[in-house]
Amino acid sequence: MNLKGRSFLTLKDFTPEEIGGLLDLAAEYKEKKKKGIPVDTLRGKNVALIFEKNSTRTRCSFEVAAHDLGMGCTYLDPKSSQIGKKESIEDTAKVLGSMYEGIEYRGYGQEIVEELAAYAGVPVWNGLTNEYHPTQMLADMLTIRENFGRLAGIKLVYLGDARYNMGNSYMIACSKMGMDFVACAPAKYFPDERLVEQCRGYAEASGSTITLTEDVWEATKDADVICTDVWVSMGEPDEVWAERIHDLTPYKVTSDVMKNAGEQAIFLHCLPSFHDLKTEIGKEMGERFQLTDMEVTDEVFRSPQSKVFQEAENRMHTIKAVMAATLGA
Ligand code: CP
Ligand code: NVA
């Protein structure tokens with residue numbers, strides 16, 4: 001696998017072999033980290049981290065991974081840079097590309113990260129756009145591989161808003177890696193038809209299937225992996241909460257859903273999650289709509305079947321692999 005110089009914008013751009021190679025590299029870095037073996041082979045290099053939306057996991061993963069690899073990094077927060085307000089993406093890309101060996105971008109439309117990559121002259125990594133969250137997929141795939149020893153033949157079900165970054169990205173990752181993907185939601189939350197068609201092509205090549213269904217019990221029967229995400233994503237207006245809660249409550253991950261899947265099933269969530277009322281928004285929505293949780297019950301979230309914190313840790317190891325492979329560590 002030689003990914004030196006490549007950007008990492010969506011998994012659509014990578015072959016199953018390249019994705020598998022990144023997972024192998026992440027597993028190697030994880031083992032080395034646990035054993036305290038240094039991997040600072042990118043000493044003297046620097047990366048810029050642009051966040052136009054908030055983050056805990058992605059930012060910390062890039063910062064820790066950069067540090068472990070021996071690199072310096074600069075964090076540009078959602079408010080304090082000139083990006084977009086006084087300076088175009090093209091100009092920003094040229095400036096940062098002249099100072100840094102790689103650039104991470106989290107923000108809105110996929111076209112922004114594509115434009116950044118077109119002008120930067122150095123690898124650009126997508127830390128989440130409205131459409132895709134590819135580094136999250138590597139963490140999820142590594143977690144699934146650690147739990148089941150394989151990816152091919154695994155049945156993964158995503159419940160919730162399947163039109164957004166997480167639903168889209170699971171469909172791409174699963175269809176590339178030979179995993180059966182099920183999007184389970186009201187039909188208006190199904191992924192874009194053109195993306196479904198593209199992924200059906202990947203699924204045909206990898207020998208897997210894509211199913212879109214509104215039926216929770218049919219969808220989750222004998223599933224290996226049950227996934228969900230927040231019902232309202234960053235950047236969406238507050239007005240959509242009432243409709244989302246109404247539409248997606250039947251698609252909440254409950255212990256009955258996990259039982260329907262079976263004892264072997266694991267639960268994944270990219271986090272952050274509204275599984276209780278211990279957050280500002282969770283509390284506000286809880287009071288407004290008489291809820292104690294949203295996309296997943298606290299019981300499932302805290303159960304032994306839930307691997308969400310293993311998944312969160314794997315963000316760092318997989319992001320390290322992406323930076324190392326594309327910068328030629
Ligand atoms: N899963 C994820 O991307 O988390 P952050 O928003 O905290 O980075
Ligand atoms: N769909 C969520 C994912 C957060 C990691 C969002 O875009 O806010």
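Computed from a predicted structure; not experimentally measured. Computation of the quantities below employed the complete heavy-atom set of this structure, encompassing side-chain atoms and omitting hydrogens, waters and symmetry-equivalent molecules. All ligand and atom numbering here is 1-based and tracks the order in the structure.
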Original post:
What residue and atom, counting heavy atoms only, is the protein's closest point to atom 1 (N) of ligand 2, and at what distance?
Top reply: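 Atom 1 (N) of ligand 2 sits closest to the protein heavy atom Asp229 OD2, 2.6 Å.
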Subject >> Ring centroid separation Phe8 to Phe14 under 6.0 Å >> reply: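 Close enough - the centres of the two rings lie under 6.0 Å apart.
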Original post:
Nearest to atom 7 (O) of ligand 2 by heavy atom, Asp161, Leu271, Asn165: which?
Top reply: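 The option holding the nearest heavy atom is Asn165.
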Pairs under 3.5 angstrom only: tabulate donor-acceptor contacts from the side chains of residues 319-329 to other protein residues two or more places apart or in another chain.
residue	atom	partner	partner atom	Å
Lys320	NZ	Asp68	OD2	2.9
Thr326	OG1	Trp125	NE1	2.9
Thr326	OG1	Val322	O	2.7
Thr326	OG1	Met323	O	3.4

**OP:** Check ligand 2 against Leu128 and write out every atom of the ligand that is under 4.0 Å from a heavy-atom position of the residue.
**Re:**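 Matching atoms, with element in brackets: 3 (C), 4 (C), 5 (C), 7 (O).
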**OP:** Locate the shortest heavy-atom distance separating Ala219 from Val182; write the atom from each residue and the value.
**Re:**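 The pair with the smallest heavy-atom distance is CB-CG1, 3.8 Å.
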Polar-atom distance check: [X] versus ligand 2, any N or O pair below 3.5 Å?
{"X": "Arg106", "value": "no"}
{"X": "Ser233", "value": "yes"}
{"X": "Met234", "value": "yes"}

Original post:
Taking any residue with a non-hydrogen atom under 4.0 angstrom from an atom of ligand 1, which ones do you get?
Top reply: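 The answer is Ser55, Thr56, Arg57, Thr58, Arg106, His133, Gln136, Cys270, Leu271, Arg315, counting any residue whose heavy atom sits under 4.0 Å from ligand 1.
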Have [X] and [Y] got a donor and an acceptor in their side chains that come within less than 3.5 Å?
{"X": "Ser206", "Y": "Ser208", "value": "yes"}
{"X": "Glu295", "Y": "Ser273", "value": "yes"}
{"X": "Asn130", "Y": "Lys53", "value": "yes"}

Subject >> Sidechain N-carboxylate O distance under 4.0 Å for Lys34, Glu313 >> reply: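 Yes, this pair counts.
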**OP:** Each residue besides Ile37 in its hydrophobic cluster should be listed here, by chain and number; the cluster joins Ile, Leu, Val, Met, Phe, Trp and Tyr at side-chain heavy-atom distances under 4.5 Å.
**Re:**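 Cluster partners of Ile37: none, it stands alone.
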Show me, pair by pair, the donor-acceptor contacts under 3.5 angstrom made by side chains of residues 106-113, not counting sequence neighbours?
residue	atom	partner	partner atom	Å
Arg106	NE	Gly127	O	2.9
Arg106	NH1	Asn54	O	2.6
Arg106	NH2	Thr58	OG1	2.8
Arg106	NH2	Gly127	O	3.2
Gln110	OE1	Asn126	ND2	3.2
Gln110	OE1	Thr129	OG1	2.7
Gln110	NE2	Leu9	O	3.2
Gln110	NE2	Glu114	OE2	3.1

Original post:
Under a 4.0 Å heavy-atom limit, does Cys270 contact ligand 2 with its side chain, its backbone, both, or neither?
Top reply: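 Side chain only.
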